[in-house]
Amino acid sequence: MINIISSLTKGVTITSTNQPMVEKARGEKVTLPCTFTVSQEDQGPLDVEWVLIPTDNQKKEQTIIMYSVDRIYNDYYEAMNGRVQFTNPDPRSGDGSINIVNLKSADTGTYQCRVKKAPGIESLKIRLIVLVKPARTKCYIEGSQETGRDLTLKCVSQEGSPLLSYNWRKLTGTKELPATSLTVCVSEEYSGTYNCVAANRVGADDCFVVLNVTPRKYLLKTVLLFLHFYFCNRKKQVDASPPKSRTSTARSYIGSNRSSLGSMSPSKMEGYATTPYNQVPSEDLKRSPAAPNRSRMGAVPVMIPAQSKDGSIV
């Protein structure tokens, strides 16, 4: 804020409007006001001096620019060389205000304007705060973009003086994010383009992110895995089943013939008896004279029924 120190005499008077602290963005230009009037009683030379008062009381004040004996000196403070000048090139007009261009964060501080014209003297203090606009703001999504999942929309500025505020808005679609939170359990209605605006007292920056909510994938994966294992196991069972042997074929053949014979009447058996019953369609069942005990090697012995005189099977 501006503090006006009472003059020792009523000759010199600071007329600048009383202001609170001045806030500007880095890289901008600021005008620190210091207008004044003098009286005829002040006969001495006019001096207008601007100093930077350090926050550390152990450090000395730093003169940044001065008007004295009709000459301007602006090379006192190396950090501001070429960046500070009087608003009016002739402060004798009653305007000792200065301009500082291309502001830097290090320019933040308390500045004091001192106007001297003997025997009068008066001064004022102005607090300058250089803020950094939000910049390089990045939007991104943290979490899964599947229905029913929790996700968070993130917005971060790489640069920017506090306090930074972040505001989200949806640009497409119908479903808005809850105003109180950026962490939501999403549905497909949340899909769309979102915009985040980061702001502080001197500027703003924004970014965009696209949210595409899709159905959960694990249900489809589960079905596919189930089908895969089912058909694989099915194939293994089929491959592991032993083929039917010729012996089994012979057994089936004999069993079916026995059933047929058992159900025949004696009158029909006469015609059937003319057919050689012991001709079984299997090479494995033909006994070899040299191998009378072949049944021990896996062949199945076959009992050939004999026909009695009355047509019954013995």
Side-chain angles (χ1 to χ4, degrees), residues 1-39 42 44-133 159-164 200-203:
M1 65 183 172
I2 299 176
N3 293 324
I4 299 178
I5 300 176
S6 299
S7 59
L8 297 178
T9 68
K10 296 183 179 179
V12 178
T13 304
I14 300 290
T15 59
S16 300
T17 304
N18 192 19
Q19 287 181 281
M21 63 183 178
V22 178
E23 292 183 344
K24 287 290 183 179
R26 184 180 63 182
E28 292 184 346
K29 168 187 172 182
V30 65
T31 298
L32 302 181
C34 183
T35 56
F36 59 91
T37 61
V38 296
S39 70
D42 299 325
L46 175 65
D47 291 340
V48 179
E49 180 184 18
W50 279 90
V51 298
L52 175 60
I53 301 175
T55 54
D56 187 352
N57 295 329
Q58 302 299 321
K59 294 182 180 180
K60 295 182 178 180
E61 297 177 348
Q62 176 65 55
T63 299
I64 60 175
I65 192 171
M66 176 186 286
Y67 173 85
S68 180
V69 192
D70 300 332
R71 184 177 176 182
I72 296 175
Y73 302 88
N74 58 3
D75 56 355
Y76 285 102
Y77 188 34
E78 185 178 355
M80 285 191 178
N81 280 350
R83 297 194 297 121
V84 60
Q85 61 184 4
F86 282 104
T87 302
N88 191 317
D90 186 3
R92 290 178 301 180
S93 63
D95 187 1
S97 305
I98 60 172
N99 294 330
I100 304 175
V101 299
N102 191 22
L103 285 171
K104 299 180 180 180
S105 299
D107 295 336
T108 297
T110 301
Y111 294 79
Q112 186 178 48
C113 174
R114 296 170 180 167
V115 181
K116 303 175 184 178
K117 190 171 177 63
I121 180 173
E122 193 167 46
S123 66
L124 64 82
K125 291 181 180 179
I126 302 176
R127 175 68 178 170
L128 172 64
I129 298 177
V130 180
L131 299 175
V132 179
K133 294 180 181 179
E159 297 181 16
S161 299
L163 297 167
L164 285 174
N200 59 14
R201 295 191 297 271
V202 292

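These numbers come from a predicted model, not from an experiment. One-based numbering along the sequence shown.
Between D70 and R92, at least one side-chain nitrogen of the basic residue sits less than 4.0 Å from a carboxylate oxygen of the acidic one, meeting the salt-bridge criterion.
Smallest separation of non-hydrogen atoms from V130 and A25: CG1-C, 4.2 Å. Nearest heavy-atom pair, P54 versus K60, reported as atom, atom and distance to 0.1 Å: CG-O, 3.6 Å. A pairwise comparison of heavy atoms in C113 and V48 identifies SG-CG1, 4.3 Å as the closest pair.
S161 contributes a side-chain N or O that, together with a main-chain N or O of V132, makes up a donor-acceptor pair within less than 3.5 Å. For K117 (side chain) and G44 (main-chain N/O), a donor-acceptor pair under 3.5 Å exists by modelled atom type. Between the side chain of T15 and the main chain of T35, a donor-acceptor pair closer than 3.5 Å is present.
With contacts defined as side-chain heavy-atom distances shorter than 4.5 Å, the pair M80/Q62 does not qualify. Using a 4.5 Å cut-off on side-chain heavy atoms (C-beta onward), F36 and E122 make no contact.
Separating the NZ atom in K116 from the CE atom in M66 is a distance of 6.5 Å, to the nearest 0.5 Å. Here OH of Y73 is found 12.0 Å from CD1 of I65. Values are rounded to the nearest 0.5 Å. A distance of 11.0 Å separates OG1 of T110 from CE of M21, quoted to the nearest 0.5 Å. From I126, atom CD1 reaches atom OH of Y111 across 10.5 Å, with rounding to the nearest 0.5 Å. Note: K24 NZ to K29 NZ = 9.5 Å, rounded to the nearest 0.5 Å. E61 CD to R114 CZ: the interatomic distance, rounded to the nearest 0.5 Å, is 4.0 Å.
Pairs engaging residues 72-88 under the salt bridge (charged side-chain N to carboxylate O under 4.0 Å, His left out) rule: R83-D107 [sequence neighbours left out].
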Mind listing the side-chain donor-acceptor pairs of residues 97-104 below 3.5 Å, one per line with the distance, residues two or more places apart or on another chain?
residue, atom, partner, partner atom, Å
S97, OG, C34, N, 2.8
S97, OG, D95, OD1, 2.7
N99, OD1, T31, OG1, 2.7
N99, OD1, T87, OG1, 3.3

Would you please test T108 and L131 for side-chain contact (heavy atoms from CB on, under 4.5 Å) and show each step? CA-CA 9 Å; T108 297; L131 299 175; over 6 Å; no
Between L163 and R201, is a side-chain contact (heavy atoms from CB on, under 4.5 Å) present by the stated rule, with each step listed? CA-CA 8 Å; L163 297 167; R201 295 191 297 271; 5.7 Å; no
Dump the intermediate steps for side-chain contact (heavy atoms from CB on, under 4.5 Å) on Y67 and D90, then the final yes or no. CA-CA 9 Å; Y67 173 85; D90 186 3; 4.0 Å; yes
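When each of L52, L32, I53 is checked for a side-chain contact (heavy atoms from CB on, under 4.5 Å) with Q112, only I53 meets the rule.
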